[in-house]
Novice: 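One structure is given below, represented as structure tokens, and several questions about it will come after.
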Amino acid sequence: MKLPRRKFLHLAAGAAALPAVSRFAWAQSYPSRPVRIIVGFAPGGGTDILARLMGQWLSERLGQPFIIENRPGAGRNVGTEAVVNAIPDGYTILLVAPGAAINATLYEKLNYNFIRDIAPVAGLIRVPNVLEVNPLFPAKSVPEFIAYAKANPDKISMASSGIGGSVHVSGELFKMMTGVNMVHVPYRGDAPAVTDLIGGQVQVMFGSMPASIEHIRAGKLRPLAVTTAMRSEALPDIPTVGAYVPGYEASGWWGIGVPKNTPVEIVDKLNKEINGALVDPKIKTRLADLGGTALAGSPADFGKLIAEETEKWGKVIRAANIKAE
């Protein structure tokens, strides 16, 4: 049967519109079943707490359970790879941490390219690290610390929560920008590193705010500066490293990502609900308890941050010749 050209074009246009219509309807009804939030960390840490906070909010707002699934291992790559390989339907999402930007250079062979394979949805929180020392350490300010470190090269032990983590690379950036030499002592996680810093086995750490704040308040650690460009509301009297080392900035940041090719309507729906959470007074209070500030914005804003951080930490890792464990 030969169709008139006008009718053929009309039918063709209708057929082409079907996927868009069905995608919109799919997004409108999303989620219709439980959603998994993959977290590349063990339960109990700051990242896990943040994931559960957001999971509860999204569950209440969207009417389906958002279930936290902890997938630690291989520098958080196990969890990321699980999301990369998931069906891009919005039912498997990733709690994105700074390791996403760091691991792109730290690991020579990954089974994915984060920027290519994960679509950004929304930022959640930005948290400073803290340049902190044992209270018995002689330096009481950043200039005093730099002077002491230069007078005692390779005699200061710098703890971190592990090779290539945010805590480690924050310290390496400081070393590069100030010309000081310190001995890196990696631990398996924040807790043992902080314990040894308090005990005096190591002298300095660019510790994560959630792991450090209570010890600072208790006087067990002495904060010299925060690593973000702005002072922290959690430690308002503590200056920034950048006040003494111009251009220095390092921070932990977290957000949400999904597999590439996830319908944009679902990405936008999640982004809207997450940004709604970030202005909620209760959520803002919880984020402040973690020592951070909300990182609201569009999917493009979060994608830009990931790209910038990937480039920045790539330069530090190559310059310091950091190798994955």
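Only a predicted model underlies this, so the values are computations on that prediction, with no experimental measurement involved. Numbering of residues begins at 1 and proceeds along the displayed sequence.
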Novice: Ignoring hydrogens and geometry, is there a side-chain-to-backbone donor-acceptor pair from N134 to L197 under 3.5 Å?
Specialist: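 Yes, because the side chain of N134 sits within donor-acceptor range (under 3.5 Å) of the backbone of L197.
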Novice: Any donor and acceptor pair, going by atom type alone, linking the side chain of R71 with main-chain N or O of G79 inside 3.5 Å?
Specialist: no
Novice: Examine R36 relative to F66 and say whether NZ or CZ is less than 6.0 Å from the centre of the six-membered ring and inside a 45° cone about the ring axis.
Specialist: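 Because its charged atom misses either the 6.0 Å distance or the 45° angle limit, R36 does not stack over F66.
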Novice: How close do P210 and V127 get, heavy atom to heavy atom, and via which atoms?
Specialist: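 Where P210 meets V127 most closely, the heavy atoms are CD-CG1, 3.8 Å.
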Novice: With a 4.5 Å cut-off on side-chain heavy atoms, are L110 and N77 touching?
Specialist: yes
Novice: What I want to find out is whether E311 reaches K315 closely enough, with some N-O distance under 4.0 Å, to be called a salt bridge.
Specialist: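 Yes, this pair counts.
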Novice: Any side-chain heavy atom of H168 within less than 4.5 Å of one from S161?
Specialist: no
Novice: If I compare all heavy atoms of A159 with all of A193, which pair ends up nearest, and what's the gap?
Specialist: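 In this case the closest contact between A159 and A193 is CB-CB, 4.3 Å.
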Novice: Take E81 and N111 through the side-chain hydrogen bond (donor to acceptor under 3.5 Å, both in side chains) test and state the conclusion after the steps.
Specialist: CA-CA 7 Å; E81 194 169 336; N111 295 325; 3.2 Å; yes
Novice: Taking all atoms of both residues into account, what is the closest heavy-atom pair of F302 and I256, and its distance?
Specialist: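 Taking F302 first and I256 second, the nearest heavy atoms are CE2-O, 3.6 Å.
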Novice: Taking all non-hydrogen atoms of both residues into account, name the closest pair between R231 and V226 and its distance.
Specialist: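 That closest heavy-atom pairing would be CA-CG2, 4.2 Å.
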Novice: Which atom names give the shortest non-hydrogen contact between P223 and I238, and what distance separates them?
Specialist: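 Nearest heavy atoms, P223 then I238: CG-CD1, 3.8 Å.
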Novice: Verify side-chain hydrogen bond (donor to acceptor under 3.5 Å, both in side chains) between W313 and T105, making sure each step is shown before the conclusion.
Specialist: CA-CA 8 Å; W313 295 120; T105 305; over 6 Å; no
Novice: What closest approach, in Å, do M182 and V204 show between heavy atoms, and which atom pair accounts for it?
Specialist: SD-CG1, 3.9 Å
Novice: Please examine the side chains of D268 and V264, heavy atoms only from C-beta on, and report whether any two atoms are closer than 4.5 Å.
Specialist: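 The answer is yes; the side chains approach within 4.5 Å.
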Novice: Evaluate salt bridge (charged side-chain N to carboxylate O under 4.0 Å, His left out) for K323 paired with E108, printing each intermediate quantity in order.
Specialist: CA-CA 9 Å; K323 302 294 183 183; E108 292 182 3; 3.8 Å; yes
Novice: Apply salt bridge (charged side-chain N to carboxylate O under 4.0 Å, His left out) to the pair E249 and K312, showing each step before the final yes or no.
Specialist: CA-CA 10 Å; E249 192 281 334; K312 172 181 178 175; 3.0 Å; yes
Novice: Between D48 and R52, is there a side-chain N and carboxylate O pair less than 4.0 Å apart?
Specialist: yes
Novice: In the structure I gave you, are the side-chain heavy atoms of L235 and I213 within less than 4.5 Å of one another anywhere?
Specialist: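 Of all side-chain heavy-atom pairs linking I213 with L235, at least one is under 4.5 Å.
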Novice: Side chains of E132 and I216: closer than 4.5 Å at any heavy-atom pair?
Specialist: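 With C-beta onward as the side chain, the pair touches.
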Novice: Looking at D289 and K284, is there a salt bridge between them, counting it only when a charged N and a carboxylate O are closer than 4.0 Å?
Specialist: no
Novice: Tell me whether D280 contacts the main-chain N or O of I283 through its side chain, where contact means a donor paired with an acceptor under 3.5 Å.
Specialist: yes
Novice: Does E309 reach the main-chain N or O of L305 with its side chain, forming a donor-acceptor pair under 3.5 Å?
Specialist: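 Here the side-chain-to-backbone pair does not exist.
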Novice: Are any of the side-chain heavy atoms of W253 and V96 separated by less than 4.5 Å?
Specialist: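 They are in side-chain contact.
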Novice: Flag the pair M54 / L278 as yes when at least one side-chain heavy-atom distance between them is below 4.5 Å, and no otherwise.
Specialist: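 They are in contact (side-chain heavy atoms under 4.5 Å apart), so the answer is yes.
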Novice: Going by the rule side-chain contact (heavy atoms from CB on, under 4.5 Å), which residues pair with Q64 if we only count those two or more places apart in sequence or in a different chain?
Specialist: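 Q64 satisfies side-chain contact (heavy atoms from CB on, under 4.5 Å) with P31, P34 only.
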Novice: E308 vs K304, test: salt bridge (charged side-chain N to carboxylate O under 4.0 Å, His left out). Steps then yes/no.
Specialist: CA-CA 6 Å; E308 289 172 349; K304 182 171 181 284; 2.6 Å; yes
Novice: Is the backbone of V258 close enough, under 3.5 Å, to the side chain of T262 for a donor and an acceptor to pair up by distance?
Specialist: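 Pair absent, no side-chain N/O of T262 close to backbone of V258.
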Novice: For the residue pair T195 and Y187, establish whether any side-chain heavy-atom pair is separated by less than 4.5 Å.
Specialist: no
